[in-house]
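Side-chain atoms are counted along with the backbone in the values below, which use heavy atoms only and exclude waters and symmetry mates. Please read all numbers here as calculations on a predicted model, not as lab measurements.
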Amino acid sequence: MSFRGGNASSGMGVAEHCKSTYLELQRKKLFRYVIFKIDEKKKEVVVEKTGGQAESYDDFTASLPENDCRYAVYDFDFVTSENCQKSKIFFIAWSPSVSRIRAKMLYATSKDRFRRELEGIHYEIQATDPTEMDLEVIKERAH
């Protein structure tokens, strides 16, 4: 069992698979994005979906549920004004305003602990509706 640390109030456990999948995105560039969800029965964060390098930002945002919370990591590639190819990893806490109060609370209380497990994240975005994580927002933050 991968749940570590005391009682339920200390947040969720993190499945080892989350970390290994994240490292495959970060180091090996196998994925463009990874979407994580909290499995309430197991009391841990698990990988829900991965997106390959060919997938676009639109594919990524379309994969997030409209009425439930998720954590996601997106590897954003861009070219700087000096013509350098760069990549920044975004952690996105997706918490749509229409999701259940319980889900919002669960994701909010577990976020910092989960994020700490993923080293090398450059930026964090909290989004309650799609405009808050629009591609323009990502571009602006990355430059």
Report summary line: With sequence neighbours left out, the residues meeting side chain to side chain donor-acceptor pair (under 3.5 Å) with D75 are K29, S87
Requested in this report: Return the set of residues passing side chain to side chain donor-acceptor pair (under 3.5 Å) with R141 (not counting sequence neighbours), or none when no residue passes.
Outcome: none
Requested in this report: Taking all non-hydrogen atoms of both residues into account, name the closest pair between Y71 and L106 and its distance.
Outcome: OH-O, 4.2 Å
Report task. Check whether any side-chain heavy atom of F91 lies under 4.5 Å from a side-chain heavy atom of F114, and answer yes or no. Result -> yes
Query raised in the report: Does the side chain of P96 reach to within under 4.5 Å of the side chain of T128, using non-hydrogen atoms?
Result: no
Report task. List the steps and the verdict of salt bridge (charged side-chain N to carboxylate O under 4.0 Å, His left out) for E55 and R32. Result -> CA-CA 7 Å; E55 293 203 37; R32 171 68 53 207; over 6 Å; no
Query raised in the report: Quick one: do the T80 and K86 side chains pair a donor with an acceptor below 3.5 Å?
Result: no
Query raised in the report: Has Q53 got more than 12 heavy atoms of other residues, nucleotides or ligands less than 6.0 Å from its CD?
Result: yes
Report summary line: Those residues at least two apart in sequence (or on a different chain) that pass side chain to side chain donor-acceptor pair (under 3.5 Å) with T131 are D129
Query raised in the report: Under 4.5 Å between any side-chain heavy atoms of E132 and Q126, yes or no?
Result: no
Report summary line: Looking only at heavy atoms, the pair that brings D58 and T61 closest together is O-OG1, 3.1 Å
Query raised in the report: Rounded to the nearest 0.5 Å, how far apart are OG of S110 and CD of E44?
Result: 11.5 Å
Query raised in the report: Just checking, is any N or O donor in the side chain of S20 or E24 under 3.5 Å from an acceptor N or O on the other one?
Result: no
Query raised in the report: With side chains defined as the heavy atoms from C-beta onward, is the minimum distance between Y22 and V34 less than 4.5 Å?
Result: no
Query raised in the report: side chain to side chain contact (heavy atoms under 4.5 Å, CB included) with Q85: which residues, sequence neighbours excluded?
Result: D77, V79
Query raised in the report: Does D134 have any side chain to side chain donor-acceptor pair (under 3.5 Å) partners at least two apart in sequence or in another chain, and if so, which?
Result: none
Query raised in the report: Hey, quick one: are V46 and L25 part of the same hydrophobic cluster, counting side-chain heavy atoms closer than 4.5 Å, chains of contacts allowed?
Result: no
Query - Co-members of the apolar cluster containing I92 [side chain, <4.5 Å] - result: Y33, I35, Y57, F60, L64, Y74, F76, F78, F90, W94, Y123, I125, M133, L135, V137, I138
Query raised in the report: K41: what forms a side chain to side chain contact (heavy atoms under 4.5 Å, CB included) with it, not counting sequence neighbours?
Result: D39
**Report entry** Euclidean distance, E48 CD relative to K37 NZ, rounded to 0.5 Å
**Finding:** 5.0 Å
Report task. For D59 and S56, work out which heavy atoms get closest and say how close. Result -> OD2-N, 2.8 Å
Query raised in the report: Is any side-chain heavy atom of F36 closer than 4.5 Å to a side-chain heavy atom of C18?
Result: yes
Query - Set of salt bridge (Lys or Arg N to Asp or Glu O under 4.0 Å) partners for E136, sequence neighbours left out - result: K139
Query raised in the report: Just wondering, do I89 and Q26 contact through their side chains at under 4.5 Å, heavy atoms?
Result: yes
Requested in this report: Name all pairs fulfilling the salt bridge (charged side-chain N to carboxylate O under 4.0 Å, His left out) condition that reach into residues 90-107, sequence neighbours left out, sorted by first residue then second.
Outcome: E40-R100, E40-R102
Query raised in the report: Which residues satisfy the side chain to side chain contact (heavy atoms under 4.5 Å, CB included) test with N67, sequence neighbours excluded?
Result: P65, V98
Query raised in the report: Taking only residues two or more places apart in sequence, or in another chain, which ones meet R116 in a side chain to side chain contact (heavy atoms under 4.5 Å, CB included)?
Result: D112, R113
Query raised in the report: Which residues satisfy the salt bridge (Lys or Arg N to Asp or Glu O under 4.0 Å) test with E124, sequence neighbours excluded?
Result: K111, R115
Report task. Would you name the heavy atoms of S99 and D68 that are closest together and state the gap between them? Result -> CB-CA, 3.8 Å
